[in-house]
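Naming convention: chains lettered A, B, ... in sequence-line order (proteins, then strands); numbering from 1 in each chain. Bear in mind that the values here come from a model prediction, so they are computed numbers and not experimental data.
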Amino acid sequence: MNESDIRVRYAPSPTGYPHVGNIRTALFNWLYAKHSGGSFIVRIEDTDQSRSVEGAIENILESLQWLGIDWDEGPIVGGDFGPYLQSERLNIYQEAVDKLIEQGDAYYCICSPDKLASMRKEQQKLGKPPGYDRLCRSAGHSRKDKSGLNRVVRFATPIEGPPVTTDDLIRGKVNVELPVIDDFVILKSDGFPTYHLANVVDDHHMQISHVMRAEEWLPSTPRHLLLYKALGFDPPIFAHLPMILGSDRAKLSKRHGATTLLEYRDEGYLPEAMLNFLVLLGWSLDDKTEVIPLTELIENFSLSRIGKSPAIFDITKLEWMNGIYIRSMPVEQLAEHIKGYNYHQKKDVSTSLLDNDYIKQIVELVQDRVRKVSSEEIWSLTSFLLVDDLNYSIDLNPKGLGKSETASAIRSVISELESTKDFNVSTLEPSLRELAKELNLSTRHLFGAIRLAVTGSNATPPLFETMVVIGRDRVIKRLHVALAILEEMGSTK
RNA sequence: GCCCCCAUGGUGUAGCGGCCUAGCACGCCACCCUUUCAAGGUGGAGAUCAGGGGUUCGAAUCCCCUUGGGGGCACCA
């Protein structure tokens with residue numbers, strides 16, 4: 001096969017919002033296409049009308065777009081093999097079904113769901129492989145029943161023959177014996193195909209070269225292989241990707257908290273970090289490299305380095321990775337990201353403090369200190385920069401310093417600051433260091449006292465930088481307020 | 001119950017018969033830097049390579065069994 005003939009696809013069903021596992025599958029397919037110069041196709045598998053979820057398609061596409069995963073063919077962009085919504089391809093599946101029935105490889109079945117359920121129950125009790133008992137296989141039922149309703153169509157799985165072998169790129173040869181494959185439904189009574197049929201027919205017509213999908217599909221691949229054969233199609237190359245599991249080692253579901261991809265965006269994770277983290281769940285570059293820019297990812301991605309065992313999604317490592325990307329990002333860009341989270345809508349934020357230059361200054365202070373860019377994260381570190389008046393909820397005495405000492409230190413600081421003209425780091429630092437010496441206080445104590453008074457917190461960005469951003473007037477005002485509190489406390493005791 | 005897949009520290013992984021008394025990263029601990037918090041740097045704890053049999057001069061690496069985990073078994077995908 002020519003490299004440019006490589007055509008891979010992501011085929012989600014709009015029955016919910018995609019979680020990180022789904023998107024990781026999309027990512028691997030996309031990376032493989034990018035690496036090989038092939039095409040990445042998005043196909044929406046909306047053959048289950050009853051389970052379709054409002055807004056799911058939009059969410060799927062938005063998830064891909066957020067990560068920067070673009071598609072060569074699919075919704076919005078179109079392509080030569082469309083339509084890319086299975087619900088618009090019903091005639092194609094019907095054609096395949098007709099062919100199979102004509103060949104004797106499929107038949108109409110009249111068995112009721114109730115009957116099938118009790119049959120399965122009985123089989124399980126007897127320890128037999130569960131599956132349709134083929135009652136209708138040779139009955140020669142017609143398409144519609146007496147009341148004119150459509151009947152389901154089942155595939156006539158060969159009764160005897162060698163085991164079906166899936167030659168998987170990741171797992172090697174996987175054999176399944178024919179007797180454990182039952183006569184599965186390929187066309188539902190509502191006229192829609194089942195996944196098995198639609199998937200096979202579309203992958204063939206869309207000339208998909210490699211089917212990379214989650215491992216949960218491995219058990220049904222023999223059915224697909226049987227369909228390819230019956231329809232006279234050459235099967236694609238299969239690669240079943242390891243699953244991503246929740247911390248309880250079970251398949252990802254709503255139970256695992258934030259699972260849909262876009263929730264991570266909303267929580268303050270950067271798409272670059274998420275993409276980098278996701279690719280490491282099941283793939284590795286070498287024995288040490290983990291932070292890998294996208295261009296290198298595309299250049300080096302290979303199917304041979306995809307692992308076999310399932311991975312557990314570890315949020316703490318994602319946070320670390322996110323911090324790496326935050327720190328390597330230009331301040332302006334990071335500021336844009338942060339503004340996107342609308343932190344300024346916090347109710348206490350002073351609207352006079354929202355210009356871009358001020359936000360940029362704040363970002364410079366927190367860039368080394370945050371692991372997420374959400375409003376909560378930024379707020380918790382910088383709320384004292386964003387409000388006019390502080391609401392002290394902390395002891396204003398630094399550890400090891402008494403109230404009266406703190407108060408007199410603050411008094412000295414006020415007069416020092418009021419007498420100096422310049423208010424920038426290069427003047428602030430030496431003069432306050434000098435003051436500490438004069439007062440015979442350790443910098444730890446003096447700076448600690450200032451920090452508490454000016455920020456109301458004992459964990460802040462570097463003091464002088466922070467003071468400059470707060471601004472001379474606000475700093476002095478806050479020092480006065482803090483002093484008043486200290487004096488009041490002193491007098492009542 | 002039946003079928004299939006998987007198995008290296010808590011987590012993500014490297015390893016594809018000798019380089020392994022098992023490397024890297026996250027997390028954890030300590031120290032350094034330092035006005036606090038981070039970031040950064042250095043060091044440390046943590047794996048009888050699930051267990052047991054083989055094969056081999058030699059196995060985390062190959063084979064078998066056991067155990068554990070996961071997935072699948074719908075007119076869902």
Side-chain angles (χ1 to χ4, degrees), chain A residues 11-16 45-48 50-51 109 111-113 116-117 120 123-132 150-154 166 168 170-171 174-177 179-182 184-190 192 194-196 198-199 214-222 240 242-243 245 247 249-251 277 280-291 305 307-321 323 327 366-371 381 398 429 432-433 436 442-452 455 457-464 466:
Chain A
S13 70
T15 52
E45 309 221 325
D46 56 345
T47 55
D48 185 341
S50 61
R51 287 207 312 156
C109 173
C111 297
S112 72
L116 295 171
R120 270 189 290 270
Q123 286 164 334
Q124 206 166 88
K125 224 168 75 185
L126 294 171
K128 287 185 174 169
Y132 179 57
N150 284 322
R151 288 163 169 162
V152 306
V153 177
R154 287 182 182 276
T166 303
D168 190 275
I170 294 170
R171 280 149 228 286
V174 178
N175 297 314
V176 172
E177 301 287 341
V180 301
I181 308 172
D182 73 343
F184 52 98
V185 173
I186 56 175
L187 193 71
K188 299 181 265 186
S189 56
D190 62 2
F192 278 70
T194 59
Y195 169 84
H196 304 300
N199 195 260
E215 195 198 328
E216 56 186 316
W217 297 109
L218 189 55
S220 57
T221 306
H240 286 92
M243 311 262 300
L245 308 175
S247 49
R249 302 190 163 272
K251 203 171 155 180
F277 175 72
L280 258 19
L281 259 32
W283 179 86
S284 61
L285 176 59
D286 55 30
D287 59 344
K288 51 176 87 69
T289 317
E290 301 213 281
V291 179
R305 291 196 66 85
K308 298 177 179 188
S309 47
I312 290 166
F313 189 85
D314 177 22
I315 190 90
T316 59
K317 187 152 183 174
L318 204 214
E319 277 187 20
W320 163 77
M321 180 77 74
R327 273 170 259 129
V366 298
Q367 186 162 24
D368 272 1
R369 276 158 261 273
V370 293
R371 293 193 148 204
L381 253 70
E429 177 154 6
L432 289 175
R433 277 189 191 283
S442 66
T443 48
R444 184 186 201 83
H445 282 148
L446 208 226
F447 296 172
I450 302 173
R451 169 173 293 106
L452 284 162
T455 70
S457 167
N458 50 24
T460 74
L463 184 59
F464 309 116
T466 304

How many whole angstroms separate atom [atom1] of [X] from atom [atom2] of [N]?
X: A:D287; N: B:rC16; atom1: CG; atom2: P; value: 10 Å
X: A:W217; N: B:rC5; atom1: CH2; atom2: P; value: 18 Å
X: A:E215; N: B:rG69; atom1: CD; atom2: P; value: 16 Å
X: A:I181; N: B:rC4; atom1: CD1; atom2: C1'; value: 11 Å
X: A:L318; N: B:rA25; atom1: CG; atom2: P; value: 19 Å
X: A:L280; N: B:rC26; atom1: CG; atom2: P; value: 12 Å
X: A:F313; N: B:rG27; atom1: CZ; atom2: C1'; value: 15 Å
X: A:E216; N: B:rG72; atom1: CD; atom2: C1'; value: 9 Å

Expressed in whole Å, how much space separates the [atom1] atoms belonging to [N] and [M]?
N: B:rU56; M: B:rC64; atom1: C1'; answer: 16 Å
N: B:rU21; M: B:rU67; atom1: P; answer: 32 Å
N: B:rA7; M: B:rG51; atom1: C1'; answer: 12 Å
N: B:rC5; M: B:rC65; atom1: P; answer: 12 Å
N: B:rC49; M: B:rA59; atom1: C1'; answer: 11 Å
N: B:rA60; M: B:rG23; atom1: P; answer: 14 Å
N: B:rC62; M: B:rG15; atom1: P; answer: 12 Å
N: B:rA22; M: B:rA47; atom1: C1'; answer: 9 Å

A side-chain contact here means heavy atoms from C-beta on lying under 4.5 Å apart; do [X] and [Y] qualify?
X: A:W320; Y: A:V291; result: yes
X: A:L446; Y: A:R433; result: no
X: A:F464; Y: A:F447; result: yes
X: A:L281; Y: A:F313; result: yes
X: A:D48; Y: A:F192; result: no
X: A:K125; Y: A:R120; result: no

Quick one: label [X] by what it contacts on the DNA or RNA (base, sugar-phosphate, nothing), any heavy atom closer than 4.0 Å.
X: A:G448; result: nothing
X: A:K125; result: nothing
X: A:P219; result: base
X: A:L381; result: nothing
X: A:N175; result: sugar-phosphate
X: A:S457; result: nothing
X: A:F464; result: base
X: A:E45; result: sugar-phosphate
X: A:P310; result: sugar-phosphate
X: A:V152; result: base
X: A:G282; result: sugar-phosphate

* Tell me, please, which residues at least two apart from A:D168 pass salt bridge (charged side-chain N to carboxylate O under 4.0 Å, His left out). => none

Nearest to the side chain of [X], which nucleotide is it out of [options]?
X: A:K317; options: B:rG69, B:rC26, B:rA14; value: B:rC26
X: A:T194; options: B:rC73, B:rG23, B:rA77; value: B:rA77
X: A:T316; options: B:rC2, B:rA77, B:rG27; value: B:rG27
X: A:K288; options: B:rA14, B:rG12, B:rC24; value: B:rC24
X: A:R433; options: B:rC73, B:rU35, B:rC4; value: B:rU35
X: A:L245; options: B:rA77, B:rG12, B:rG70; value: B:rG70
X: A:R249; options: B:rA77, B:rA14, B:rU11; value: B:rU11
X: A:M243; options: B:rG71, B:rG15, B:rU11; value: B:rG71

* First encountered from the 5' end of RNA chain B, between A:W283 and A:D190 -> A:W283

* To do: Identify, between A:F277 and A:P113, the residue whose nearest nucleotide on RNA chain B lies closer to the 5' end.
  => A:F277

* Would you tell me whether A:H240 and A:T166 have side-chain atoms, one donor and one acceptor, within less than 3.5 Å of each other? => no

Presence of [X] side-chain N/O under 4.0 Å of [N] phosphate oxygens OP1/OP2:
X: A:R120; N: B:rA74; result: yes
X: A:R171; N: B:rA7; result: no
X: A:K128; N: B:rC73; result: no
X: A:R51; N: B:rA77; result: no

Suppose we define a pair by two distances each less than 3.5 Å, Watson-Crick or G-U wobble; what does [N] pair with here?
N: B:rC2; result: B:rG72
N: B:rU35; result: none
N: B:rC24; result: B:rG12

* Structure fact -> Test side chain to side chain donor-acceptor pair (under 3.5 Å), reference A:R451, set A:T466, A:T460, A:N458, output is A:T460

* NZ/NE/NH1/NH2 to OD/OE distance under 4.0 Å, A:K251 and A:E216 -> yes

* **B/S/- contact track for nucleotides 36-49 of chain B, protein heavy atom under 4.0 Å** => BBBSS---------

* Between A:S189 and A:V152, what is the shortest heavy-atom contact and its length? -> N-CG1, 3.7 Å

* Asked: Would a line drawn from the ring center of A:F184 to the ring center of A:Y195 be shorter than 6.0 Å?
  -> no

* Going by modelled atom types, is there a donor-acceptor pair between the base of B:rC6 and the side chain of A:S309 at under 3.5 Å? -> no

